[in-house]
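First comes the structure, then the notes that go with it.
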Amino acid sequence: MVYLKTEEEIELIRESSLLVGKTLAELAKIIEPGVTPLQLDEVAESFIKDNGGIPGFKGYNDYPNTLCTSINEQVVHGIPSDRPLENGDIISVDCGVIKNGFYGDVAYTLEVGEVKEEVRDLLRTTKECLNEAIKAAKAGNRIGDIGFAVQSLAESKGYGVVRELVGHGLGKNLHEAPEVPNYGRRGNGMKLKEGLVLAIEPMINLGKRHVKQQEDGWTIVTADGLPSAHFEHDVVVRKDGAEVLSTHELIEEVLNNKEKVS
Ligand code: MF3
Ligand code: CO
């Protein structure tokens, strides 16, 4: 069942995804070598509750935490641990909230200290893949156009596109139809209609595309052990293109200010 949202519903999803963006910006402020993912998780949970939200992942299919924290070769769904972050790590911080009955779902891959240039390139390209996907998500286009946009850019740089996990519709449920793969063919799949709200989330590997799941039943890692990046936005399909409902800008402001003082 595909739900097209009313403008009122879209505003509520915007509010929820904005709260996620603000939460991730709080994490960007404190992230540094020595900080543990569990500390980030506690900060996120309090911040969400203080701002009238409910953590959206905690309890979802029995997921234990507020954040998914996926470090280096972990692709997504990493469970926050008490192992301190190290200089040179990258960490995908994925967070969901429910507010006014609607979900927001946003992810950003943060750098810890000094990260290798090769890995920083992967992050830049994954963000670009997300932007290309958003441009492709306009009314009249098809789901396959979104996947094609991601895949063609990522593979042109020699990266692997994760296929086992996908973006999704978003609304009163965290995962609604349709699925939004990060690979595909132009003109294939469901036609995109105005009012369709999607969480678009490319997962791009420095090496090969293949992934496996760890014993904990959640954490997805690259099969070759090389790093993986993940960025996610919530968007609504409009006539002239997708409108982004979430924001990474607050996170990036924090990161830019950090750079200035260091
Ligand atoms: N952004 C991820 C997704 O859409 C997060 C889900 S984690 C879960 O799949 F814990 F909530 F399952
Ligand atoms: Co998602």
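When a ligand or atom number is given, it counts from 1 through the structure's own listing order. These numbers come from the heavy atoms of this one structure, side chains and all, not from hydrogens, waters or symmetry mates.
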Any L165 heavy atom less than 4.0 Å from ligand 1: no
Note: ligand 1 atoms sitting under 4.0 Å from heavy atoms of E232 are 1 (N)
Proximity of F57 to ligand 1 by residue part, where a heavy atom lies under 4.0 Å: both
Side-chain ion pair, K5 and E194, N-O less than 4.0 Å: no
Using the rule given for side-chain contact (heavy atoms from CB on, under 4.5 Å), can you reason through L38 versus T69, listing the C-alpha separation, both sets of side-chain angles and the distance that settles it, and then say yes or no? CA-CA 9 Å; L38 262 179; T69 51; over 6 Å; no
Does D105 use its side chain to pair, donor to acceptor, with the backbone of D234 at less than 3.5 Å? no
Can you tell whether the side chains of D145 and R142 come within less than 4.0 Å, N to carboxylate O? no
Where N51 and L19 come nearest, the two heavy atoms and their spacing: CB-CD1, 3.5 Å
Evaluate the criterion side-chain contact (heavy atoms from CB on, under 4.5 Å) for residue pair I90 and V112; output intermediate values, then yes/no. CA-CA 6 Å; I90 55 169; V112 183; over 6 Å; no
Return yes when C68 approaches ligand 1 closer than 4.0 angstrom through a heavy atom, no otherwise. yes
Is Y159 reachable from L226 through a run of I, L, V, M, F, W or Y residues, each pair having side-chain heavy atoms under 4.5 Å apart? yes
Side chain, backbone, both or neither: the part of V76 lying under 4.0 Å from ligand 1 by heavy atom: neither
Looking at ligand 1, does D105 have a heavy atom less than 4.0 Å from it? yes
Using only atom types and a distance under 3.5 Å, with no angle test, would you say the side chain of T109 pairs donor to acceptor with the backbone of A229? no
Nearest non-hydrogen protein atom to atom 10 (F) of ligand 1, with distance, is Y63 CG, 3.1 Å
Excluding waters, how many protein N/O/S atoms sit closer than 2.8 Å to the Co ion (ligand 2)? 4
Would you check whether H175 reaches within less than 4.0 Å of ligand 1, judged by its heavy atoms? yes
Pairwise distance CG(L130) to CG(N182) - rounded to 0.5 angstrom: 9.0 Å
Against heavy atoms of L174, which atoms of ligand 1 measure under 4.0 Å? 11 (F)
side-chain hydrogen bond (donor to acceptor under 3.5 Å, both in side chains) against E7, all qualifying residues, sequence neighbours excluded: R238
Under 3.5 Å between some N or O of ligand 1 and some N or O of D94? yes
Just need the protein heavy atom nearest to atom 6 (C) of ligand 1, so name the residue and atom and give the distance. H77 NE2, 3.8 Å
Any chance the rings of H230 and Y108 have centres within less than 6.0 Å? no
Quick check: does any side chain N or O of E176 sit under 3.5 Å from a backbone N or O of K172, one acting as donor and the other as acceptor? yes
Would you say W218 has any N or O atom under 3.5 Å from an N or O of ligand 1, going by distance alone? no
